[in-house]
Asker: 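Got a structure for you, questions after.
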Amino acid sequence: SQQGEEDPQALSIQEGENATMNCSYKTSINNLQWYRQNSGRGLVHLILIRSNEREKHSGRLRVTLDTSKKSSSLLITASRAADTASYFCATDARTGRRALTFGSGTRLQVQP
Amino acid sequence: DAGITQSPRYKITETGRQVTLMCHQTWSHSYMFWYRQDLGHGLRLIYYSAAADITDKGEVPDGYVVSRSKTENFPLTLESATRSQTSVYFCASSNSPGLAGATSSYEQYFGPGTRLTVT
């Protein structure tokens, strides 16, 4: 079963607009990570937020985490055509296994 | 600095054949993982390894075998390929635990993937 579920499944915006993607998960976690996947490529790590953090920033990325609602959001500000990709949340559950559980992803299309 | 590589990048095989997908990393990362990616399922963990000679099942291990005799290699074998194993396979690695305050030890680094078609 999937730990993380992203919403929306697909998102199309204009360059310069902000993009917000949401992720929900089911069990307690150590941390939550966001990855990007360009078409036909492997995943690239974007940002990690620990379970005791509520918000984190990295460049144009802003991640929030609400452990009471078991949800996270990824905001990409001032989007660029190069941000076109699929975005996945991944959770590191408190099992000691260090294996991540990925959601099904949000496909982001940024129109130039 | 090659990082993490997978071979072959594309493979077509017949039902019932044995096929091995290779994964090699140059960072000496302790942890290595195999995922498969199918439409509508995201990535699902097949097997992972915490160190050489230590492996464990993930979410979808049936029909797969792994080994880890060397830290840098983590081959995945489909013992008797089935059409349901048609997928894109990704290998990943991550650093050792215990690096004080280092959230980077939780990041996973992915290979470019192997697209496998079973006919």
Asker: Within the supplied structure, the quantity of interest is the number of heavy atoms (other residues, nucleotides, ligands) at a distance under 6.0 Å from B/Arg17 CZ; does it exceed 12?
Answerer: no
Asker: Under 4.5 Å from any heavy atom of chain A, what part of B/Gln37 do you find: side chain, backbone, both or neither?
Answerer: side chain
Asker: Within a strict 4.5 Å, meaning less than it, do heavy atoms of the B/Gln108 and A/Gln33 side chains meet?
Answerer: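 No, too far: nothing below the 4.5 Å cut-off.
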Asker: Please classify the contact between A/Gln9 and chain B as side chain, backbone, both or neither, with a heavy-atom cut-off of under 4.5 Å.
Answerer: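 Neither part; nothing is under 4.5 Å.
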Asker: Quick one: which of A/Asn31, A/Leu100, A/Val44 has the most heavy-atom pairs under 4.5 Å with chain B, could you say?
Answerer: A/Leu100
Asker: My understanding is that only residues two or more places apart in sequence, or in another chain, count here; which of them pass salt bridge (Lys or Arg N to Asp or Glu O under 4.0 Å) with B/Arg68?
Answerer: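 For B/Arg68 there are no salt bridge (Lys or Arg N to Asp or Glu O under 4.0 Å) partners, ignoring immediate neighbours.
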Asker: Give, for atom CG of B/Leu39 and atom OG of A/Ser104, the distance between the pair rounded to the nearest 0.5 Å.
Answerer: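 Separation between the atoms: 11.0 Å.
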Asker: Can you get from A/Leu11 to A/Trp34 by hopping between Ile, Leu, Val, Met, Phe, Trp and Tyr side chains that sit under 4.5 Å apart?
Answerer: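 A/Leu11 clusters together with A/Trp34.
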Asker: Check whether more than 12 heavy atoms from other residues, nucleotides or ligands sit under 6.0 Å from atom CD1 of B/Ile12, and answer yes or no.
Answerer: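 Open: at most 12 neighbouring heavy atoms sit under 6.0 Å from CD1 of B/Ile12.
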Asker: Dump the intermediate steps for side chain to side chain contact (heavy atoms under 4.5 Å, CB included) on B/Leu45 and A/Thr101, then the final yes or no.
Answerer: CA-CA 7 Å; B/Leu45 182 68; A/Thr101 302; over 6 Å; no
Asker: Do B/Met32 and B/Trp27 belong together in a cluster built from hydrophobic side chains that touch within less than 4.5 Å?
Answerer: no
Asker: Compile the donor-acceptor pairs under 3.5 Å between side chains in residues 110-119 of chain B and protein atoms, sequence neighbours left out, one pair per line.
Answerer:
| from | atom 1 | to | atom 2 | distance (Å) |
| --- | --- | --- | --- | --- |
| B/Thr114 | OG1 | B/Pro8 | O | 2.6 |
| B/Thr119 | OG1 | B/Thr13 | O | 3.3 |

Asker: For A/Gln37 and B/Phe90: C-alpha separation, side-chain torsions, deciding distance, then whether side chain to side chain contact (heavy atoms under 4.5 Å, CB included) applies.
Answerer: CA-CA 12 Å; A/Gln37 183 181 34; B/Phe90 288 99; 3.3 Å; yes
Asker: What's the separation between atom CG in A/Asp92 and atom CD in B/Glu107, rounded to the nearest 0.5 Å?
Answerer: 12.5 Å
